[in-house]
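A quick note: this is a predicted structure, and the numbers were derived from the prediction, not measured.
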Amino acid sequence: MVRNLLITGGAGFIGSNFIEFFLQKYPNYKIINLDLLAYAGDLENLKAVSQHSNYTFIQGDICDEALVASLFRDFKVDGVIHFAAESHVDNSIKNPNAFVKTNINGTFNLLHNAYLAWFEAPHKLKVSKEHCVFHHISTDEVFGSLGEGGYFRESSPYAPNSPYSASKASSDMLVRSYFHTYGLKTFITNCSNNYGPKQHDEKLIPTIIRNALHRKAIPIYGDGKNVRDWLFVKDHCAGVDGVFHSKLYGETFNIGGNCELCNIEIARRICAILDKKIPRKDGISYATQIAFVQDRAGHDRRYAVDFSKITKALGWNPNESFESGLEKTIGWYLEKYGVKNES
């Protein structure tokens, strides 16, 4: 079956990995990538597929009503996988307005244009639009913060604690409303912290690697004991694939890595790998560069998700261990930064 899929934010970290994954797995799918190419989007992430016959890049804003409407019309879009988002918590604290605009207003614009393109009226699909699907990519941060025990489940109440997570929670609710009010076939997936090749330099793991290599302080917030569940990006792509092709419309699914680690442990593991691969000439461990800095405002203590629902329903499980995924990730960044691997 030929599908015309609008992928938003496809020049970003997760989106670019996903587009490569989908074009390889589904040769009959045509991908239209809409990305504003703001600070987190980079066409270098897509150089491997830039000339692919089934790939089209459109630079533009998901908030642009006329543009989004034209894409649905001109490309006969019959599926949306919505990655585009402002996603850095620190930036949301400094400039929350951008997060409201992109994550809430942008998601609404996509949803409503999908409805207008695919429906005659609420719950009345246009002819040949029965297969059209809207998949929204969200985050586990909408659930707030956990104590030392327990896990977020799909039924957990939303309790966002930052402008970023609040804007994503709002967008989730909009998606839910379009399923119930209009009959739009929707999915929401809430993922844990992704890592892997192509992640923006501002994120934790790339920052640790980059600062270590440049002999700069490796900044770790607070006491470094904030815990996250880490998910390799290609495993996330496989999870999204499974959900998108299911018939469980209106459902939400958590996608996690079954890998809880605190930030200081992440830093130490990366430093240990770098000590072996490219040891400092002075023989000192990169771990000596770790420096604790003032904690982030409203910093959630722990996230962890129960992803048993997607496992039971669709048979998905993460394939990559953190050790193997981290090795691949570090190798990619060493190549990016032009550093010779000594191991």
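Residues Lys101 and Asp61 are paired through a salt bridge, judged by an N-O separation under 4.0 Å between the basic side chain and the carboxylate. Using a cut-off of 4.0 Å between Lys/Arg side-chain N and Asp/Glu carboxylate O, Arg269 and Glu323 are scored as salt-bridged. Between Asp223 and Lys225, no side-chain nitrogen of the basic residue sits less than 4.0 Å from a carboxylate oxygen of the acidic one, so the salt-bridge criterion is not met. Taking a cutoff of 4.0 Å between a charged side-chain nitrogen and a carboxylate oxygen, Glu320 and Lys328 qualify as a salt bridge. Between Lys198 and Glu20 a salt bridge is recorded (basic side-chain N to carboxylate O distance below 4.0 Å). Using a 4.0 Å cut-off between charged side-chain N and carboxylate O, Asp78 and Lys129 make no salt bridge. Under 4.0 Å is where a charged nitrogen must lie from a carboxylate oxygen, and between Lys336 and Asp201 at least one such pair does.
Ring centroids of Tyr182 and Phe119 are separated by 6.0 Å or more, keeping the two rings apart. Ring-centre distance between Phe22 and His245: below the 6.0 Å cut-off. When ring centroids are compared, His236 and Phe232 stay outside the 6.0 Å threshold. Centroid-to-centroid, the aromatic rings of Phe134 and Tyr115 stay 6.0 Å apart or farther.
A single hydrophobic cluster is not seen to contain both Phe75 and Phe57; linkage of ILVMFWY side chains at heavy-atom distances under 4.5 Å, directly or through other members, places them apart. Taken together through direct or relayed side-chain contacts under 4.5 Å among Ile, Leu, Val, Met, Phe, Trp and Tyr, Trp230 and Val233 form parts of separate hydrophobic clusters. Residues Phe307 and Tyr151 do not share a hydrophobic cluster, defined by chaining ILVMFWY side chains whose heavy atoms lie under 4.5 Å apart. Following chains of ILVMFWY side-chain contacts shorter than 4.5 Å, one can reach Val175 starting from Leu125, so the two form part of one hydrophobic cluster. Taking hydrophobic clusters as Ile, Leu, Val, Met, Phe, Trp and Tyr residues chained together by side-chain heavy-atom distances below 4.5 Å, Trp332 does not share a cluster with Phe21.
The environment of CD in Gln51 is sparse: at most 12 heavy-atom neighbours from other residues, nucleotides or ligands sit within 6.0 Å. The neighbour count for Glu65 CD, taken as heavy atoms of other residues, nucleotides or ligands under 6.0 Å away, does not exceed 12. The environment of CD in Glu120 is crowded: more than 12 heavy-atom neighbours from other residues, nucleotides or ligands sit within 6.0 Å. In Gln24, the CD atom is not crowded: 12 or fewer heavy atoms of neighbouring residues, nucleotides or ligands sit closer than 6.0 Å.
Of the possible donor and acceptor atoms, one in the side chain of Lys185 sits under 3.5 Å from a partner among the backbone N and O of Glu130. Side chain of Lys168 to backbone of Ile137: a donor-acceptor contact under 3.5 angstrom is found. Remark: the backbone N or O of Asp172 is not paired with any side-chain donor or acceptor of Ser138 at under 3.5 angstrom. Between the side chain of Asp275 and the backbone N or O of Tyr286 there is at least one donor-acceptor pair closer than 3.5 Å. No donor-acceptor pair under 3.5 Å is formed between the side chain of Glu251 and the backbone N or O of Phe187. A side-chain donor-acceptor contact under 3.5 Å links Ser70 to the backbone of Leu67. A donor-acceptor pair under 3.5 Å links the side-chain atoms of Asp229 to the main chain of Cys259, judged by distance alone. Checked by atom type and distance alone, the side chain of Ser165 never pairs as donor or acceptor with a backbone atom of Val142 at under 3.5 Å. The closest donor-acceptor contact from the side chain of Ser167 to the backbone of Tyr164 lies under 3.5 Å. At least one donor-acceptor pair closer than 3.5 Å links the side chain of Asn190 to the backbone N or O of Thr139.
Judged purely by distance below 3.5 Å, without hydrogens or angles, the side chains of Tyr29 and Asn4 never pair a donor atom with an acceptor atom. A donor-acceptor pair shorter than 3.5 Å can be found between the side chains of Ser324 and Ser321. Inspection of the Thr107 and His136 side chains reveals no N or O donor paired with an N or O acceptor under 3.5 Å.
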Inset, instruction - Kindly determine whether Tyr195 and Lys203 satisfy side-chain contact (heavy atoms from CB on, under 4.5 Å), including the steps that lead there. - result: CA-CA 9 Å; Tyr195 71 101; Lys203 297 293 188 174; over 6 Å; no
Inset, instruction - Mind running side-chain contact (heavy atoms from CB on, under 4.5 Å) on Asn54 and Tyr26 for me, showing each step along the way? - result: CA-CA 10 Å; Asn54 284 349; Tyr26 300 103; over 6 Å; no
Legend entry - Stepwise side-chain contact (heavy atoms from CB on, under 4.5 Å) test for Phe143 and Arg153: CA-CA 9 Å; Phe143 299 116; Arg153 295 176 174 82; over 6 Å; no
Inset, instruction - Take Tyr178 and His112 through the test side-chain contact (heavy atoms from CB on, under 4.5 Å) and record every step on the way to the result. - result: CA-CA 8 Å; Tyr178 268 73; His112 200 63; 2.7 Å; yes
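Between Asn263 and Val227 there is no side-chain heavy-atom pair separated by less than 4.5 Å. By the 4.5 Å heavy-atom criterion applied to side chains, Phe18 and Phe83 are counted as neighbours. You'll find the side chain of Leu204 reaches within 4.5 Å of the side chain of Ile220, heavy atoms only. Side chains of Tyr333 and Ile209 form a contact here, defined as non-hydrogen atoms less than 4.5 Å apart. Here the side chains of Arg302 and Asn226 are not in contact, with every heavy-atom distance at 4.5 Å or above. Residues Leu23 and Ile31 meet the side-chain proximity criterion, which asks for heavy atoms closer than 4.5 Å. In this structure the side chain of Leu326 reaches within 4.5 angstrom of the side chain of Ile270, judged on heavy atoms. Side-chain contact between Glu141 and Tyr303: present, with at least one pair of heavy atoms (C-beta onward) separated by less than 4.5 Å.
For the atom pair CD of Glu202 and CZ of Arg210, the computed distance is 9.5 Å after rounding to the nearest 0.5 Å. Here the CZ atom belonging to Arg301 is positioned 14.0 Å from the CG atom belonging to Asn161, to the nearest 0.5 angstrom.
Ring geometry, Phe72 versus Trp118: the interplanar angle exceeds 60°, so the pair is classed perpendicular (tilted spans 30 to 60°). Taking the six-membered ring where the residue is Trp, His214 and Tyr337 present tilted rings, their angle falling between 30° and 60°.
Scanning both residues, His123 and Thr181, for their nearest heavy atoms gives NE2-O, 3.1 Å. Closest heavy-atom contact between Asn45 and Ala11: ND2-O, 2.9 Å. Considering all non-hydrogen atoms of both residues, Leu231 and Ser192 come closest at CB-OG, 3.6 Å. Closest approach of Thr329 to Gly325, counting heavy atoms only: OG1-O, 2.7 Å. Residue Trp316 comes nearest to Asp235 through the heavy atom pair NE1-O, 3.1 Å, listed as atom of the first residue, atom of the second, then distance. In terms of heavy atoms, His82 sits closest to Ala84 at CE1-O, 3.2 Å.
Under a cutoff of 6.0 Å and an axis angle of 45°, Lys309 and Phe253 form a cation-pi pair.
No option in Ile208, Val339, Leu334 other than Leu334 meets the side chain to side chain contact (heavy atoms under 4.5 Å, CB included) test with Leu274. Tested against Leu6, the residues Ile81, Ile32, Asn33 include a single side chain to side chain contact (heavy atoms under 4.5 Å, CB included) partner, Ile32. Of the candidates Leu36, Thr102, Asn103, Asn105, Thr102 is the only one forming a side chain to side chain contact (heavy atoms under 4.5 Å, CB included) with Ile62.
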